[in-house]
Protein chains: 2
Amino acid sequence: MEADTLELESFLPYRLYRLADAVSREFSRVYKGRHGLTRPEWRTLAGLGQHGTMTATALGEQSAMHKTKVSRAVAELERRRWLTRKPDEKDRRVEHLTLTNAGLAAYREMVPLAKAFERELLSKLSAGERVAIAEGLAALEAALGR
Amino acid sequence: MEADTLELESFLPYRLYRLADAVSREFSRVYKGRHGLTRPEWRTLAGLGQHGTMTATALGEQSAMHKTKVSRAVAELERRRWLTRKPDEKDRRVEHLTLTNAGLAAYREMVPLAKAFERELLSKLSAGERVAIAEGLAALEAALGR
DNA sequence: TTTCGATAGTTACAAACGAAACCAATTTGG
DNA sequence: CCAAATTGGTTTCGTTTGTAACTATCGAAA
C-alpha cells in the first residue's frame, strides 16, 4: 500500500459503519415489518421492556439516543397506547414511562425474534470468531468510554 | 438473564451500531471540521483518491453507498471543482469521475489525518485486542457477504 | 427570598436520507 | 429489426435526523 493512500476497505471507521449499517438494516426488517416501528421506537420499547419504568433521560443514556429521538419515539409509542407517562411526585420535570399491556405484549413478541436474529447471524461464525468479535467490540467500547 | 428479556447492551446489532455511530461521529469531525464535507462526500473523495478515475456506480459499490447518495456527493464535489466528469465514449450513460488538482490536494491532506485517527483509536487496544477486532470484523463481513 | 445556572423534555427548522419515479441509453430476445 | 427489460444516473417527495432554541422546573447561593 502506498503511504499517501488510504485503503477505505480496511479503514476501521468505514468497516464498522458499513457492518453496523448492514446488520442494522437487516434487523430493522424484523421490527419494521412486524409493527412498523422505527429504530428509536424499537429501542425505546426494548429499554422499557428490559428495565420496566424509566425516565426519558435514562432511556437516552441506556440506548445511546439523543433526547430528541427519545422524545419523538416516546410520543409515538404513547400515541399507540404502548406506554404511559406518570409525572414524578417530587420533580415535576420528570416523567416515568411504563409499557402498557399492549406494549408489553409487543415487546414479548419481539424478544424471541431479536434473539433468533442474533443467533442466526452468529451461527455463521466459528466459535473462535465469536470470541474474537466479542472481545474486539468490548475492547473498542472500553477504549471509547473515556 | 431472564429468558423473556433482551439485554440491549449485549445485543450485537445494537453494540455494533452504537460503536460505529460513536467512531463515525468522532471521525466526522475531522472531515467536517476541515472542509465541511458530509460523509458521502468524504467517501467519494476517498474512493477517487484511492482508485483514480471511477464511475458513479463503481463508487457506490466500493464505498457502500446508495446511488442517490453518490449522485448528490458527486454533484457537490463537482460544484467545488474537486472533480470532473468525462462521458464514456462507448456508453453514453456512463460518466468517468476524476479528482481535479484541488480535489487531490484535499485528499492528500485528509489521508494522514484519517490514518492518525485510526492509529490513535487502535493505540488504546492491546495487541491481542487489535487482532481480535480485525478477525471478528472480517468474520462478520464474510458472514454477511452472502 | 430572589436570582442564576443546571436539568427534563419539547419544538422548530434546516439538512440528510431512502424509496420510488423518472429519463436516457443500452442490451436482450422474439 | 423492434419491443421489452436492464442499467447508469438524476430528481422528487415524504420521513428521519441533528442543532439549537425554547418552556418549565428545580437547586444552590447570595
Side-chain angles (χ1 to χ4, degrees), chain A residues 17-18 20-22 24-29 31-33 35-44 47-48 53-79 83-98, chain B residues 17-18 20-22 24-29 31-33 35-45 47-48 53-80 83-98:
Chain A
Y17 193 91
R18 171 150 64 106
D21 192 57
S24 180
R25 199 176 293 273
E26 195 60 32
F27 179 58
S28 81
R29 289 164 49 174
Y31 53 76
K32 194 168 299 178
H35 291 293
L37 294 175
T38 64
R39 184 168 42 225
E41 286 155 20
W42 149 249
R43 284 196 190 168
T44 299
L48 293 179
T53 298
M54 299 176 84
T55 68
T57 301
L59 257 173
E61 283 165 5
Q62 196 235 344
S63 54
M65 295 192 290
H66 188 123
K67 58 185 187 170
T68 62
K69 276 190 187 172
V70 176
S71 175
R72 293 189 259 240
V74 166
E76 169 60 20
L77 294 190
E78 184 186 32
R79 201 194 58 70
L83 64 76
T84 55
R85 312 177 191 237
K86 193 166 66 82
D88 185 282
E89 310 262 303
K90 299 282 194 181
D91 185 340
R92 282 179 303 176
R93 292 170 304 180
V94 177
E95 294 181 325
H96 298 279
L97 308 167
T98 313
Chain B
Y17 194 90
R18 171 151 64 106
D21 192 57
S24 181
R25 199 177 293 274
E26 194 60 32
F27 179 58
S28 80
R29 290 165 48 176
Y31 52 77
K32 195 168 301 178
H35 289 293
L37 294 176
T38 63
R39 183 169 43 224
E41 286 155 19
W42 148 248
R43 284 196 190 168
T44 298
L45 184 68
L48 293 179
T53 298
M54 299 176 83
T55 68
T57 300
L59 257 173
E61 282 164 9
Q62 196 234 346
S63 55
M65 295 191 291
H66 187 105
K67 59 185 186 169
T68 62
K69 277 190 188 172
V70 175
S71 175
R72 293 188 260 241
V74 166
E76 169 60 20
L77 294 191
E78 184 185 32
R79 201 193 58 72
R80 290 182 185 225
L83 64 77
T84 56
R85 311 177 191 237
K86 191 166 67 82
D88 184 282
E89 312 261 305
K90 298 281 193 181
D91 186 339
R92 282 179 303 176
R93 292 169 303 180
V94 177
E95 293 183 326
H96 298 279
L97 308 166
T98 314

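Just so it is clear: chains get the letters A, B, ... in the order the sequence lines come, proteins before strands, and each one is counted from 1. Below, all heavy atoms of this structure are taken into account, side chains as well, without hydrogens, waters or symmetry copies.
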*Asks:* Go along nucleotides 9-19 of chain D 5' to 3' and tag each nucleotide: B for a protein heavy atom under 4.0 Å from its base, S when only backbone or sugar atoms are that close, - otherwise.
*Replies:* BBBB---SBBB

*Asks:* Give a yes or no on whether the backbone of A/E95 and the side-chain of A/R85 come within a donor-acceptor separation of less than 3.5 Å.
*Replies:* no

*Asks:* Under a 3.5 Å distance rule, please check whether B/S71 uses its side chain to pair with a backbone N or O of B/K67 as donor and acceptor.
*Replies:* no

*Asks:* Just the rounded figure in Å: distance from C1' of C/dT10 to CZ of A/R79.
*Replies:* 18 Å

*Asks:* Has the side chain of B/Q62 got a donor or acceptor atom that lies under 3.5 Å from a matching backbone atom of B/L59?
*Replies:* no

*Asks:* Go through B/T98 and B/T53 one step at a time and tell me if the side-chain hydrogen bond (donor to acceptor under 3.5 Å, both in side chains) criterion holds.
*Replies:* CA-CA 5 Å; B/T98 314; B/T53 298; 2.9 Å; yes

*Asks:* Taking NZ, NE, NH1 and NH2 as the nitrogens, is one of them in A/D91 or A/R93 under 4.0 Å from a carboxylate oxygen of the other?
*Replies:* yes

*Asks:* Just how far, in rounded Å, is C1' of C/dT10 from CE of A/M65?
*Replies:* 15 Å

*Asks:* Hey, can you tell me if A/W42 and A/Y31 have their rings parallel, tilted or perpendicular (30° and 60° cut-offs)?
*Replies:* parallel

*Asks:* Using a strict cut-off of less than 4.0 Å between a Lys/Arg side-chain nitrogen and an Asp/Glu carboxylate oxygen, indicate whether B/E76 and B/R80 qualify as a salt bridge.
*Replies:* yes

*Asks:* Taking atom P of C/dT27 as reference, at what distance in whole Å does atom NZ of B/K90 sit?
*Replies:* 10 Å

*Asks:* Kindly say if A/R92 contacts the phosphate of D/dA24, meaning a side-chain N or O under 4.0 Å from OP1 or OP2.
*Replies:* no

*Asks:* Taking B/S28 for its side chain and B/R25 for its backbone only, find out whether a donor-acceptor pair lies under 3.5 Å.
*Replies:* yes

*Asks:* In what stems does DNA chain C take part, counting only runs of at least 3 consecutive Watson-Crick or G-U pairs whose two distances fall under 3.5 Å?
*Replies:* C:1-30 with D:1-30

*Asks:* Measure the distance from CD on B/Q62 to P on D/dG8 and round it to the nearest whole Å.
*Replies:* 17 Å

